Amino acid sequence: MKEIVQRIKESVQVILDQKYGYKTEVNDILVNETKPEFRGNYTVVLFSIGKMLKSNPDSLGKGLGESLLEADRDLFAGFNVIKGFLNLEISDGLLLDFLHGQFQNPEYGVKPPNGRRVMVEYSSPNTNKPLHLGHLRNNFLGWSVAALYKANGYDVIKSCIANDRGIHICKSMLAWKLYAHGATPESTGIKGDHFVGDYYVLFGAELKKQVADLVATGLTKEQAEKNAPLTKGAQQMLVDWEAGDPETIALWKMMNAWVYAGFDVTYRRIGSDFDKIYYESETYLPGKDLVEEGLRKNVFYQKDDGSVWIDLREDGLDEKIVQRSDGTAVYMTQDIGLAVRKYEEYHMDQSIYVVADEQNYHFKVLKLICQKLRLPSAAGIFHLSYGLVELPSGRMKTREGTVVDADDIIDEMNKIAEQHTNELGKVDDFNPEERTELYDTIGLGALKFFLLRVDPRKRMVFNPDESIDFHGFTGPFVQYTHARIKSILRKETVGSYSANAYSALLPLEKELIIALEKYAALLQTACIEMNPSLVANYAFSLAKIFNSFYVEHSVGRAESEDKKQLRLRICLLTANSLKSAMGILGIRVPERM
RNA sequence: GGACCGGUAGCUCAGUUGGAUAGAGCAGCUGCCUUCUAAGCAGCAGGCCAUUGGUUCGAAUCCAAUCCGGUUCACCA
């Protein structure tokens with residue numbers, strides 16, 4: 001069934017053509033929701049049309065309204081014109097048709113397969129430290145965008161690139177070698193990723209000492225940093241690693257295994273999963289063949305020292321290096337190689353990279369280079385650039401210990417969920433397993449909703465001194481609304497409904513059905529814009545309308561059996577939509593809470 | 001310095017391709033649990049949409065300039 005807004009636009013288009021001889025595109029017709037202080041549900045804005053027709057908006061509105069009513073009595077129930085705005089009332093019959101058609105459909109809003117494939121890369125952790133709040137935003141966002149694409153009929157591949165090599169990895173390895181005396185996650189009882197992260201931090205602390213000592217002997221800070229034993233040791237370790245030194249490789253494998261074990265626990269908790277994991281240690285070399293190709297195609301050029309560059313000044317950017325003078329690959333080379341490999345494996349139409357906005361420049365360059373190399377993968381590359389999560393004091397910094405650890409914040413959310421739940425005492429009959437699951441559903445729900453409800457492109461602020469809310473515009477609010485509905489549905493049974501016996505829809509009933517009808521269109525918009533926050537906002541506003549409806553009208557003690565059945569159907573569809581919307585955010589909804 | 005992003009209530013955020021009196025939540029203040037879950041509902045209060053010009057029937061939204069904040073421009077990843 002066609003969406004209401006679309007039907008209105010098409011009707012207006014036809015009337016404008018037939019009655020006024022004015023041809024216009026459907027998308028040029030502006031249809032808004034009617035502001036609550038006016039009568040009606042949808043509003044056609046007449047100014048631009050009036051201007052084109054050189055006619056007064058008010059008389060145009062009147063004529064248009066009459067014709068619309070005449071032409072489509074199934075859709076329109078009435079209209080009024082105020083100061084250039086044509087407010088249209090949607091007929092109860094149409095809304096009821098929609099409700100009866102969809103209330104039993106748990107997949108309402110989900111589109112059938114469209115034969116297109118998209119890859120979403122997200123998470124991309126470094127294997128030298130545990131995940132923090134910023135990673136969580138990335139994970140939730142990536143997972144949710146993937147879910148949005150699935151709901152819109154795409155075949156989705158979720159991928160992850162593990163940044164498992166490089167100087168930063170060597171730092172934690174060296175610190176462990178020097179200071180751990182053989183300690184392991186098992187021997188200390190510390191989660192593997194945290195264990196390794198501790199040595200990364202230790203490296204920084206010890207390096208600072210060494211630098212201070214060297215500065216005391218008269219070196220500048222830069223010289224000291226360059227010449228400190230730890231710096232040199234880490235660099236040597238990277239050389240050894242690239243040379244395949246067995247001892248270094250063994251250490252690297254062991255420590256990475258610790259980190260992955262830790263990540264697995266966290267990923268499982270937050271529900272992040274991947275269809276394909278790439279490892280930088282396996283992908284960092286192949287890009288070099290493309291450097292050769294680029295030189296042949298004259299896309300790249302070589303400097304006297306042997307380094308290879310691309311000149312992007314004509315595109316408004318700078319010159320960018322793609323291979324060092326010693327012949328080794330840089331970050332960009334790897335990413336070109338990876339892009340090619342992904343495409344060869346999956347032939348996707350679109351390749352989305354969920355990466356922080358610090359790397360806008362990098363991805364601009366990446367796409368440009370791929371285009372210039374005429375790689376088939378180039379067209380689909382899209383950088384979904386999201387803003388960092390900041391503290392009120394600014395950026396989180398590992399070295400200053402201001403990083404909000406992922407595991408810690410999840411634990412804290414669970415604890416708050418537990419506290420609220422126990423205070424309210426509504427699920428005292430739950431067994432321990434059910435309780436644990438509920439705390440997890442609510443705590444994680446609050447956290448995910450908090451991170452996904454704001455526009456991904458924008459930076460956002462997290463204040464660790466104020467705990468994340470469980471009231472108002474939050475995950476638990478939506479979950480609570482769902483549980484409320486489920487409570488009704490446990491007590492009442494959905495039976496038959498005699499359509500001819502209905503009494504006019506009450507304002508809140510109508511408002512709810514109209515809101516429900518918008519879900520399908522919303523899912524599409526959110527996907528096109530790759531913006532889960534639209535889904536979060538929708539879920540919240542739908543829940544809000546339902547709660548108003550809930551206190552105003554009783555379902556179980558409705559005025560008549562038909563009213564009761566009507567409301568039960570509204571309840572069912574609302575519960576389904578809330579569950580579906582939250583599902584796209586990766587948030588479960590409980591039956592009771 | 002070049003490029004890009006942002007500045008909306010005390011705080012955190014919405015605000016569709018320009019549309020009606022700029023909206024939520026939190027915090028503050030009032031009310032509402034003997035009937036389906038009060039993690040709720042109803043209400044009050046809170047705004048020079050950074051500033052100044054411009055475009056027009058109409059600007060938080062578009063354009064220009066300025067101010068403030070951020071990111072980036074490495075033979076780091």
Side-chain angles (χ1 to χ4, degrees), chain A residues 27-28 30 32-35 37-38 43 45-48 50-51 57 82-85 87 126 163 165-169 280 284 303 305-309 316-326 328 330-332 334-335 356-362 364-365 385 387-388 390 392 394-395 417 420-421 423-424 426-427 442 446 450 453-455 457-463 466 469-481 483-492 525 529 533-534 536-537 540-541 543-544 547-558 567 571 592-593:
Chain A
N27 289 331
D28 290 339
L30 187 61
N32 293 338
E33 290 163 40
T34 302
K35 296 240 168 193
E37 55 267 37
F38 301 101
T43 297
V45 184
L46 302 165
F47 297 102
S48 55
K51 202 172 176 182
I82 298 169
K83 290 197 302 184
F85 297 90
N87 300 323
N126 289 328
N163 298 305
R165 63 163 284 281
I167 193 80
H168 54 298
I169 309 294
E280 195 187 308
Y284 84 108
K303 288 192 178 175
D305 62 4
S307 58
V308 181
W309 297 75
L317 304 173
D318 296 316
E319 292 176 81
K320 188 86 189 171
I321 190 161
V322 292
Q323 184 169 291
R324 296 193 188 93
S325 51
D326 63 4
T328 55
V330 294
Y331 180 40
M332 184 59 71
Q334 285 169 214
D335 262 12
D357 60 11
E358 303 169 295
Q359 305 215 27
N360 287 353
Y361 183 80
H362 173 80
K364 211 187 253 180
V365 173
S385 160
L388 267 69
E390 292 187 351
R395 251 181 115 144
H420 280 298
T421 305
E423 275 168 16
L424 293 166
K426 291 177 183 173
V427 293
I442 297 173
F450 175 81
R453 65 176 206 184
V454 318
D455 187 329
R457 282 156 256 271
K458 289 194 179 175
R459 267 181 292 153
M460 63 180 293
V461 176
F462 169 75
N463 188 347
E466 298 166 11
D469 241 297
F470 283 61
H471 303 271
F473 183 19
T474 68
F477 174 93
V478 180
Q479 292 173 321
Y480 173 73
T481 307
R484 253 185 162 180
I485 298 171
K486 285 298 178 153
S487 172
I488 296 173
L489 294 173
R490 274 192 298 275
K491 295 186 172 100
E492 305 291 342
T525 309
E529 303 195 358
S533 81
L534 298 177
N537 276 280
F540 173 64
S541 69
K544 227 171 116 66
N547 281 325
S548 298
F549 160 83
Y550 178 92
V551 294
E552 192 71 25
H553 305 295
S554 177
V555 176
R557 294 162 183 250
R567 288 179 190 164
C571 284
R592 290 175 56 192
M593 69 183 273

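Lettering follows sequence order; numbering is per chain, from 1. In this text the structure is predicted, and so the values were computed from the model without any measurement.
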query = Just the dot-bracket of RNA chain B, please: which string comes out with Watson-Crick or G-U pairs under 3.5 Å, [ ] for crossing, | for another strand?
reply = (((((((..((((.....[...)))).(((((.......))))).....(((((..]....))))))))))))....

query = CE of M593(A) to NE2 of H420(A): how many Å apart, nearest 0.5 Å?
reply = 9.5 Å

key: Centroid distance under 5.5 Å and plane angle under 30°, F47(A) vs G19(B)   = yes

ask   = Touch check for G472(A), heavy atoms < 4.0 angstrom, all strands: base, sugar-phosphate only, or nothing?
value = sugar-phosphate

message = Quiz question: by atom type and distance under 3.5 Å, do the side chains of H168(A) and N163(A) form a donor-acceptor pair?
response = no

request  = Round to the nearest Å and state the distance from I169(A) atom CD1 to A77(B) atom P.
outcome  = 12 Å

ask   = Counting any heavy atom closer than 4.0 Å, what does S548(A) reach on the DNA or RNA strands: base, sugar-phosphate only, or nothing?
value = sugar-phosphate

remark   = Between OH of Y480(A) and P of C36(B) the distance, given in whole Å, is 11 Å

query = Within the structure shown, what part of the strands sits under 4.0 Å from T43(A) by heavy-atom distance: base, sugar-phosphate, or nothing?
reply = base

Which atom pairs, one a donor and one an acceptor, fall under 3.5 Å between side chains of residues 470-479 of chain A and the rest of the protein, sequence neighbours left out?
from	atom 1	to	atom 2	distance (Å)
T474(A)	OG1	F477(A)	N	3.2
Q479(A)	NE2	T441(A)	O	3.0
Q479(A)	NE2	R588(A)	O	2.9

ask   = Is there ring stacking between F85(A) and A20(B), where the centres must be under 5.5 angstrom apart and the planes under 30 degrees?
value = yes

query = E466(A) or R457(A): which one's nearest nucleotide on RNA chain B is closer to the 5' end?
reply = R457(A)

message = Any base atoms under 4.0 Å from F450(A), or only sugar-phosphate, or nothing? Heavy atoms, all strands.
response = nothing

key: Anti versus syn assignment for C32(B), with syn defined as within 90° of 0   = anti

Of the listed nucleotides C4(B), A20(B), G40(B), the one nearest the side chain of K364(A) = C4(B)

Polar-atom pairs under 3.5 Å, protein N or O versus N or O of nucleotides 13-16 of chain B: list them with distances, or write none.
from	atom 1	to	atom 2	distance (Å)
C13(B)	OP1	V461(A)	N	2.6
A14(B)	OP1	D455(A)	N	2.8
A14(B)	OP2	K458(A)	NZ	3.1

message = Counting only side-chain heavy atoms from C-beta out, which of A77(B), G19(B), U71(B) sits nearest to Q334(A)?
response = A77(B)

query = So what does E280(A) touch, heavy atoms closer than 4.0 Å: a base, only the sugar-phosphate, or nothing?
reply = sugar-phosphate

